[in-house]
Protein chains: 2
Amino acid sequence: MKKSEASRRRILDAAAKMFRDKGYAATTLNDIARLARMRAASIYYHFESKDSLFAEVMDIGIDRIHDQVRRAVAALPDGASHRRKVHTAIETHLATLLKHSDYTAANIINFGLAPAPIRRRHRGRREAYGDYWRELLGAAQAAGAIRPGVDLSLFRLFVIGALNWSQEWYRPKGKSIAELADDVTAMVFDGVAGEG
Amino acid sequence: MKKSEASRRRILDAAAKMFRDKGYAATTLNDIARLARMRAASIYYHFESKDSLFAEVMDIGIDRIHDQVRRAVAALPDGASHRRKVHTAIETHLATLLKHSDYTAANIINFGLAPAPIRRRHRGRREAYGDYWRELLGAAQAAGAIRPGVDLSLFRLFVIGALNWSQEWYRPKGKSIAELADDVTAMVFDGVAGEG
DNA sequence: ATTTCTAACGAACAGTAGTTAGAAAAATGG
DNA sequence: CCATTTTTCTAACTACTGTTCGTTAGAAAT
């Protein structure tokens with residue numbers, strides 16, 4: 001009862017990588033099977049269908065980033081400023097997306113184009129992560145770390161959107177993820193305007 | 001010599017819409033043909049292949065937004081501030097993407113997952129648009145409208161990324177595009193930080 | 001009136017997709 | 001070592017993909 005677990009994991013890992021690289025529709029079960037060192041038909045011993053395999057990858061992806069971000073913020077010392085909390089959330093979101101998890105990357109790349117039923121099935125999990133950010137930013141605004149006039153809903157969509165889009169341009173040879181997180185946090189909190 | 005043009009256009013419009021809704025790989029020539037009120041085989045009278053049809057949609061998409069943004073900024077009165085120029089660029093980018101052009105929306109949705117040869121073919125056009133923004137922001141920084149320390153390259157990627165991502169959440173019933181542009185511009189120029 | 005061109009069609013092609021069935025191999029446990 | 005279960009395989013199926021082909025109805029040109 002151990003080999004099955006390992007194979008399942010190999011398939012999931014391969015699927016996450018392929019879905020991330022080529023997207024759901026363009027990824028074939030043969031692609032996944034090759035990467036997992038088995039035949040396409042064998043996948044059916046572990047998963048019901050391509051759809052259900054995809055759904056599981058998507059679930060893991062969102063759960064993972066939600067978990068990581070929540071955990072990292074919670075691990076901050078008790079007196080941590082709200083700005084620092086947001087900074088940590090940004091950095092962890094970026095790190096999970098760009099470095100640690102093919103699942104999360106696959107989730108974010110594929111969500112927009114995913115077939116409607118799958119997207120519906122996932123809305124709950126997505127919103128849970130969104131709600132966490134809502135809390136985080138709400139608390140920051142209540143404490144005065146974010147100006148009262150700011151539309152938090154837009155701010156959240158804007159920042160998370162910019163972070164998610166980083167998949168399109170991020171290359172490991174440039175700025176480190178920590179540096180990116182620093183710059184981005186400074187940019188959105190302090191703005192870029194000069195004296196002009 | 002007029003009917004052909006009209007059919008070609010109908011196919012392109014249908015393709016742009018389908019590619020935007022379902023993505024390149026998931027869109028079938030049958031989908032496109034149905035929307036264009038003809039049979040899949042007839043598409044081949046006007047286009048060489050699915051790939052070349054896709055390539056043309058992508059070209060039109062990037063050209064259109066580049067053109068619109070450039071035109072809108074150029075149309076500003078002579079003494080317009082750099083901040084106002086950037087604001088106009090943001091608003092026009094958003095409007096083209098979200099309201100005016102299925103082609104642009106299709107381009108942005110599909111670029112990341114597009115097959116490598118097609119992406120290569122497009123890098124030039126994409127960079128041309130990126131270069132325009134580079135100019136715009138460079139001039140703003142040189143004139144002091146953007147603080148000297150700001151990493152313009154990151155700022156550009158960050159802002160355009162956030163704008164592009166708006167496709168995932170924008171719904172016409174919420175804030176208008178003009179309002180969004182106002183808020184976003186204020187956010188990135190002035191920041192959201194409170195007294196804290 | 002005849003020929004040529006235009007724009008679309010239906011039928012069919014080869015290839016590949018996801019999927020199923022059943023045989024073969026590997027692993028397990030007594 | 002055998003019997004049984006677990007895992008993977010080969011082979012095949014159906015459905016559908018992008019694409020080609022030969023044909024056709026009508027318009028334009030001769």
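- The structure places CD1 of A:I60 at 10.5 Å from CG of A:N107, a figure rounded to the nearest 0.5 Å.
- Side chain of B:T96 to main chain of B:T92: a donor-acceptor pair is present (N/O by atom type, distance under 3.5 Å, no hydrogens or angles).
- DNA chain D is contacted by B:Y44, B:S49, B:K50 of residues 42-56 of chain B, taking any non-hydrogen atom closer than 4.0 Å.
- Aromatic ring pairs are classed by plane angle as parallel below 30°, tilted from 30° to 60° and perpendicular above 60°; the pair B:Y24 and B:F19 is tilted.
- For the pair A:D59 and A:R121, the salt-bridge criterion is met [side-chain N within less than 4.0 Å of a carboxylate O].
- Using a 4.5 Å cut-off between side-chain heavy atoms of Ile, Leu, Val, Met, Phe, Trp and Tyr, with links allowed through other members, B:L157 and A:Y170 fall into the same hydrophobic cluster.
- Within the structure, every side-chain polar atom (N or O) of A:S7 is placed at least 4.0 Å from both OP1 and OP2 of D:dT7.
- You'll find the ring centres of A:H93 and A:Y129 inside the 6.0 Å limit.
- Using a 4.0 Å cut-off between charged side-chain N and carboxylate O, B:D131 and B:R134 make a salt bridge.
- Geometric assessment of A:K17 against the ring of A:Y103 yields a negative cation-pi assignment under the 6.0 Å and 45° thresholds.
- Contacts with DNA chain C (heavy atom under 4.0 Å) in residues 11-40 of chain A: A:T27, A:T28, A:L29, listed by number.
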